Undergrad: 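Have a look at this one before I ask anything.
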Amino acid sequence: MDTKHRVKNFWKYFMGVRHELEAALRGEDEDLLQDLRREVNMQAASVCDAQVELETHDGFFEITFHGGANKTKQYICALLKKDAPQELVDDWIINAFRQPLSQSAYNTLLAIDDHSYSGADFIIYYEVDRSAKCIAIEVYSEALSKVEEERHLSIVIAMLELYIGEIELEARIGDIRILDEPRQDAQNFCYLPNFYEDICDIVIDEDWSEYSEPCAIYSAYKLDREITSDSLRKDMKLIITTNALLQEELLNHEADSCEEAQRFGSQYAYLYYEIDQKGEAIALVRQQLERELQELLYPMSVARTIGGAIGTHYAYIDLIVFDTDALQIVLERLNEHLSFPLYYQAFTF
């Protein structure tokens, strides 16, 4: 079953248990909530292995889909949010990614050797890297000294995600170093629960770009290699992407992300056309076409554009496709009106 219909089935299930879930949240019926949360998570796992958090926030019911740093899951979690029934949107807060300073953050305690540690037990030392537009951090917590060293980084990343949210973790945090003891000479530092506020101040002061979701964070790469072919994807000289890992795998002839997408009912693919422009117009035409395709395909839940590339002979618009049959129909009709044909190709090996 394709992703588009998996998402539809999830919301059909959720609307069936909605009132029971709302009653349990209002009444703080933890036994019933535990059962319902387990069932909802099983349904979300059938869509894209995402996790779901259910809670109340400022008098509203709240559901958060959590795909972590996995881009394929992020795209599908965003689709889950977009396709939520309007009657639910009116009464619920629906998040496609983990928000900063959520209730889950303040409820999280690390139980280690009969001690409990919270975010307030983590000290963040930070420096702004203006050239890279990110923040390098050092982290100290007594809790880390009580677990194996190989777990240190994963614990820190998990705690960061809880307190600063997925967007800021991905867009702002650069190098992470774990300290064995507190620093005595640091100028910029705070406890973890205060770090998000400091990040927001830095973003404003440095005039960095702000993002609405993690899967809208673009990166650009110039390929430092000799181009020896004008064939598809071998003529690329510039890549623009929201999924750097996918591009790295494709360049290395690896298929992990593509196979994962297929397991979720999606497909990584690209549209391409022959370049007929000169100079700066090449990038401008490709960028405008990607924007227009996003505005056409995403509202129908058919596909999402995720970047693309410019080559010596072809220009590319990369997609994650949620309904391949529908995309073929749309593309056929679209080509009837374009001045140049768009061709479709799945990433395969």
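As the structure is a computational prediction, the values presented were derived from the model and not from experiment. Side-chain atoms are counted along with the backbone in the values below, which use heavy atoms only and exclude waters and symmetry mates.
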Undergrad: Do Asp230 and Thr312 pair up side chain to side chain, a donor and an acceptor below 3.5 Å, judged on atom types alone?
TA: yes
Undergrad: Provide the closest heavy-atom pair for Ala132 versus Asp129 in the form atom of the first, atom of the second, distance.
TA: N-OD1, 3.1 Å
Undergrad: With a sphere of 6.0 Å drawn around CG of Asp185, does it hold more than 12 non-hydrogen atoms of other residues, nucleotides or ligands?
TA: yes
Undergrad: Is NZ or CZ of Arg304 both nearer than 6.0 Å to the six-membered ring centre of Tyr75 and within 45° of the ring axis?
TA: no
Undergrad: Please assess Asp91 against Glu87 for the test side-chain contact (heavy atoms from CB on, under 4.5 Å), listing each intermediate value before the final yes or no.
TA: CA-CA 7 Å; Asp91 297 324; Glu87 59 190 287; over 6 Å; no
Undergrad: How about NZ on Lys12, more than 12 heavy atoms from neighbouring residues, nucleotides or ligands closer than 6.0 Å, or not?
TA: no
Undergrad: Hey, is OH on Tyr298 packed in by over 12 heavy atoms from elsewhere, all under 6.0 Å?
TA: yes
Undergrad: Using only heavy-atom distances, determine whether the side chains of Tyr221 and Thr241 contain a donor-acceptor pair under 3.5 Å.
TA: no
Undergrad: Is atom CD of Gln288 surrounded by more than 12 heavy atoms (other residues, nucleotides or ligands) closer than 6.0 Å?
TA: yes
Undergrad: Just how far is it from atom CD1 of Ile329 to atom CG of Leu331, taken to the nearest 0.5 Å?
TA: 11.0 Å
Undergrad: Does any part of the side chain of Leu110, heavy atoms only, come nearer than 4.5 Å to the side chain of Val147, both counted from C-beta?
TA: no
Undergrad: For the CG atom of Asn70 and the CD atom of Glu260, what is their distance to the nearest 0.5 Å?
TA: 4.0 Å
Undergrad: Let me see the working for Glu142 and Tyr117 under side chain to side chain donor-acceptor pair (under 3.5 Å), right down to the final yes or no.
TA: CA-CA 9 Å; Glu142 178 186 294; Tyr117 298 92; 3.0 Å; yes
Undergrad: Between Tyr272 and Gln345, do the side chains contain a donor N or O and an acceptor N or O under 3.5 Å apart?
TA: no
Undergrad: What distance do Ile239 atom CD1 and Leu250 atom CG have between them, rounded to the nearest 0.5 Å?
TA: 8.5 Å
Undergrad: If hydrophobic clusters are built by linking Ile, Leu, Val, Met, Phe, Trp and Tyr wherever their side-chain heavy atoms come under 4.5 Å apart, do Phe97 and Ile157 end up in the same one?
TA: no
Undergrad: Looking at OH of Tyr268 and OG1 of Thr348, how far apart are the two atoms once the value is rounded to the nearest 0.5 Å?
TA: 15.5 Å
Undergrad: Could you tell me whether the side chains of Gln267 and Thr324 share a donor-acceptor contact shorter than 3.5 Å?
TA: no
Undergrad: Is His313 reaching over with its side chain to a backbone N or O of Leu232, donor-acceptor style, under 3.5 angstrom?
TA: no
Undergrad: Tell me whether the count of non-hydrogen atoms from other residues, nucleotides or ligands lying under 6.0 Å of CD in Gln187 goes above 12.
TA: no
Undergrad: The test is side-chain contact (heavy atoms from CB on, under 4.5 Å); show your working for Ile176 and Leu153 and say whether it passes.
TA: CA-CA 8 Å; Ile176 301 175; Leu153 184 59; 3.9 Å; yes
Undergrad: Does the pair Asp83 and Phe10 meet the rule for a side-chain contact (heavy atoms from CB on, under 4.5 Å), with working shown?
TA: CA-CA 10 Å; Asp83 285 354; Phe10 172 84; over 6 Å; no
Undergrad: Strictly distance-based, threshold 3.5 Å: is any side-chain N or O of Thr3 a donor or acceptor partner for the main-chain N or O of Phe264?
TA: yes
Undergrad: If you measure from the Lys or Arg side-chain nitrogens to the Asp or Glu carboxylate oxygens, is any gap between Glu206 and Lys133 under 4.0 Å?
TA: no
Undergrad: Can you see which heavy atom on Tyr218 is nearest to which on Gly307, and at what distance?
TA: CE2-CA, 3.8 Å
Undergrad: Would you say Asp35's side chain and Leu32's backbone share a donor-acceptor pair under 3.5 angstrom?
TA: no
Undergrad: Going by salt bridge (Lys or Arg N to Asp or Glu O under 4.0 Å), name the pairs with one or both residues in residues 173-182, residues two or more places apart or in two chains.
TA: Glu138-Arg177
Undergrad: Drop me the distance from Leu36's CG to Asp31's CG, to the nearest 0.5 angstrom.
TA: 11.0 Å
Undergrad: Return the minimal non-hydrogen interatomic distance between Gly174 and Cys134, and the atom names on each side.
TA: CA-SG, 3.9 Å
Undergrad: Consider only side-chain N and O atoms of Glu55 and Asn107, and report whether a donor and an acceptor are under 3.5 Å apart.
TA: no
Undergrad: Charged N to carboxylate O below 4.0 Å: is that the case for Glu22 and Arg18?
TA: yes
Undergrad: Would Tyr191 end up clustered with Tyr126 when hydrophobic side chains under 4.5 Å apart are linked, directly or stepwise?
TA: no
Undergrad: Identify whether NZ of Lys or CZ of Arg in Arg233 sits under 6.0 Å from the centre of the six-membered ring of Tyr316 and within 45° of that ring's axis.
TA: yes
Undergrad: May I ask you to decide if Arg130's main-chain N or O and Trp208's side chain share a donor-acceptor pair within less than 3.5 Å?
TA: no
Undergrad: Is there a path from Ile306 to Tyr344 through hydrophobic residues (I, L, V, M, F, W, Y) whose side chains come within less than 4.5 Å of each other?
TA: no
Undergrad: What distance separates Thr108 OG1 from Gln103 CD, expressed to the nearest 0.5 Å?
TA: 10.0 Å
Undergrad: Would you find a donor on one side and an acceptor on the other, under 3.5 Å apart, between the side chain of Lys81 and the backbone of Ile94?
TA: yes
Undergrad: Would you say Glu197 has more than 12 foreign heavy atoms packed within less than 6.0 Å of its CD?
TA: no
Undergrad: Does the pair Gln328 and Glu332 meet the rule for a side chain to side chain donor-acceptor pair (under 3.5 Å), with working shown?
TA: CA-CA 6 Å; Gln328 295 296 342; Glu332 182 178 346; over 6 Å; no
Undergrad: Name all pairs fulfilling the side chain to side chain donor-acceptor pair (under 3.5 Å) condition that reach into residues 159-171, sequence neighbours left out, sorted by first residue then second.
TA: His66-Glu161, Lys71-Glu170, Gln74-Glu170, Arg98-Glu161, Glu168-Arg172
Undergrad: With distance as the sole test, does Arg6 use its side chain to make a donor-acceptor pair with the main-chain N or O of Ser46 at under 3.5 Å?
TA: yes
Undergrad: Hey, which of Lys4, His5, Lys82 is the one that makes side-chain hydrogen bond (donor to acceptor under 3.5 Å, both in side chains) with Ser301?
TA: Lys82
Undergrad: Any side-chain to backbone donor/acceptor pair from Glu249 onto Ser257? Under 3.5 Å, distance only.
TA: yes
Undergrad: Mark yes or no for whether Tyr13, through its side chain, and Gln43, through its backbone, hold a donor-acceptor pair below 3.5 Å.
TA: no
Undergrad: Mark yes or no for whether Asp318, through its side chain, and Tyr270, through its backbone, hold a donor-acceptor pair below 3.5 Å.
TA: no
Undergrad: Are Leu338 and Ile275 linked, directly or through other ILVMFWY residues, by side chains that come within less than 4.5 angstrom of each other?
TA: no
Undergrad: Is it true that Glu290 and Gln294 share a donor-acceptor pair across their side chains at a distance under 3.5 Å?
TA: no
Undergrad: May I ask you to check whether over 12 heavy atoms, not counting those of Met42, lie within 6.0 Å of atom CE?
TA: no
Undergrad: Could you tell me which non-hydrogen atom of Thr242 sits nearest to which non-hydrogen atom of Ala216, and how far apart they are?
TA: CG2-C, 4.3 Å
Undergrad: Give the C-alpha distance, both sets of side-chain angles, the deciding distance and a yes or no for side-chain contact (heavy atoms from CB on, under 4.5 Å) between Leu79 and Phe322.
TA: CA-CA 9 Å; Leu79 186 68; Phe322 305 123; 3.7 Å; yes
Undergrad: With a 3.5 Å distance limit and no angle check, can you tell me whether Asn335 reaches the backbone of Leu342 through a side-chain donor-acceptor pair?
TA: yes
Undergrad: Of the options Val139, Ile124, Ile173, which is the one that meets Val156 in a side-chain contact (heavy atoms from CB on, under 4.5 Å)?
TA: Val139
Undergrad: Transitively linked via ILVMFWY side-chain contacts under 4.5 Å: Ile310 with Leu284?
TA: no
Undergrad: Any luck finding a side-chain donor-acceptor pair between Asp90 and Gln86 under 3.5 Å?
TA: yes
Undergrad: Please find out if less than 6.0 Å separates the ring center of Tyr343 from that of Tyr314.
TA: no
